[in-house]
Protein chains: 2
Amino acid sequence: MSVSLTKIIEEYIDNLLEENGGDAVSLRRKDLAERFGCVPSQINYVLRSRFAPENGFLVESQRGGHGYIRILQLSFNNCDEEIEHLSELVGSAITEQEARRLLVNLQNRDLISPRERLIIEISMRNQEDNGRTLFDVSPYRRDIMRADLLKKLLTGLALG
Amino acid sequence: MSVSLTKIIEEYIDNLLEENGGDAVSLRRKDLAERFGCVPSQINYVLRSRFAPENGFLVESQRGGHGYIRILQLSFNNCDEEIEHLSELVGSAITEQEARRLLVNLQNRDLISPRERLIIEISMRNQEDNGRTLFDVSPYRRDIMRADLLKKLLTGLALG
DNA sequence: AGCATGTTGACTTATACTGACCAATAATTT
DNA sequence: AAATTATTGGTCAGTATAAGTCAACATGCT
């Protein structure tokens, strides 16, 4: 069982972050690709699969002259076990009502701010509307999609 | 890591603005170009790319003798104006890149927090993935859906 | 075998910077 | 006053550079 290139590059970036105090690091896609003897787009794959917002990272980049890729590791030092636990509570499907109750609870316990709750509710509502009117998704399937979205959001916040 | 001329000039102007109380500053294109050893049109490039309305600035200028360039940092009196402005910027369709850029901007201007940006990015990405893999939505239609989501979120935040 | 994950490269898009040419305004000359 | 000249900024297209996308192909894991 060999270690994948993706894993190696992921760890390299993790180390860079650690050395840099942990919050951000800048790099050049071309340089990284050269260092690891791979094609540049491999870096995009690593970023997409390992440094996604669901994992608590934000990636900024710029093309052209003086281009760069900047990876930000958000650190909110919130009670991540708490939120992680709640993520389990969401399960594989969740109704709008249940979701809203959960969010109210989170806000009451100051795990998310009112504005954050608002954003989450608007996103959920938007997805619900799209599912119903645009794509004719069944109610149960919408509950599944809602659970997926909610879990991504909560783990993103927990890992941040 | 090399820093672009554009960045240097941008920071110089930012400093001027700060010194000047923050709302406006006047300068001469030729002088600036000389100071930074570049061609005058480079200044136009900086203004177009860094001090555009989407970054919260307006630029006035006059040619000929005693010509000048005045940079105004615009501020909104009420959130309705702000929403109007942001919604115009988003427009009826927006690419992933443009959206991300806008969010970076909003965060830099302290209009949203890093956590809020993270949540928004997760939501956008979730919608993008669903649109592509689940519902086979065309790229342009996804840009429209992204703009819709973004406008709902920004409007909600401004009114909330 | 089949599905998920990883890897590649051709093609596309975005940004930085320059220089030649254009446009507007003020100052000076006739 | 009109014409001319000097002074200033604007535009655009070309060149160089760097990142993003996408889909085909490969590998690995049940």
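This one's a predicted model, so the numbers in the text were calculated from it and none came from an experiment. Chain identifiers are assigned alphabetically (A, B, ...) following the order of the sequence lines, protein sequences preceding nucleic acid strands; residue numbering begins at 1 within each chain.
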For this session: Would you give the length of the straight line joining atom CD1 of B/Ile8 to atom SG of B/Cys38, rounded to the nearest 0.5 angstrom?
Result: 10.0 Å
For this session: Using a cut-off of strictly less than 4.0 Å between a heavy atom of the residue and any atom of DNA chain D, enumerate the qualifying residues of residues 50-60 of chain A by number.
Result: none
Need one value for [X]: base, sugar-phosphate or nothing, where a base atom within 4.0 Å counts as base even if backbone is also close, heavy atoms only.
{"X": "A/Ile43", "value": "nothing"}
{"X": "B/Ser61", "value": "sugar-phosphate"}
{"X": "A/Gln62", "value": "sugar-phosphate"}
{"X": "A/Ser41", "value": "base"}

For this session: Check every atom of D/dG9, D/dG20, C/dT7 against the side chain of A/Tyr45 and return the nucleotide holding the closest atom.
Result: C/dT7
Exercise. Would one find a side-chain N or O of B/Thr6 under 4.0 angstrom from OP1 or OP2 of C/dC17?
Worked result: yes
Can you give me the closest heavy-atom contact between [X] and [Y], atom names plus distance?
{"X": "B/Leu103", "Y": "B/Met124", "answer": "CD1-CE, 4.1 Å"}
{"X": "B/Pro114", "Y": "A/Leu74", "answer": "O-CD1, 3.9 Å"}
{"X": "B/Arg115", "Y": "A/Glu116", "answer": "NE-OE2, 2.8 Å"}

Exercise. Of B/Ile69 and B/Glu96, whose closest DNA chain D nucleotide lies nearer the 5' terminus?
Worked result: B/Ile69
Problem set entry | 5' precedence on DNA chain D between B/Arg132 and B/Asp31 (nearest-nucleotide basis) | B/Asp31
Exercise. Are the side chains of B/Leu27 and B/Ile71 in touch, meaning some heavy atoms are under 4.5 Å apart?
Worked result: yes
Exercise. Nearest nucleotide by nearest heavy atom, which residue falls closer to the 5' end of DNA chain C, A/Val39 or B/Arg101?
Worked result: A/Val39
Exercise. For B/Cys38 and B/Glu98, take the nucleotide of DNA chain C holding the closest heavy atom to each; which residue's nucleotide lies nearer the 5' end?
Worked result: B/Glu98
Exercise. Is A/Arg29 side chain donor-acceptor paired with the D/dG20 base, going by distance under 3.5 Å alone?
Worked result: yes
For this session: Sequence neighbours left out, what pairs pass side-chain hydrogen bond (donor to acceptor under 3.5 Å, both in side chains) with at least one residue falling in residues 148-160 of chain B?
Result: A/Asn126-B/Lys152
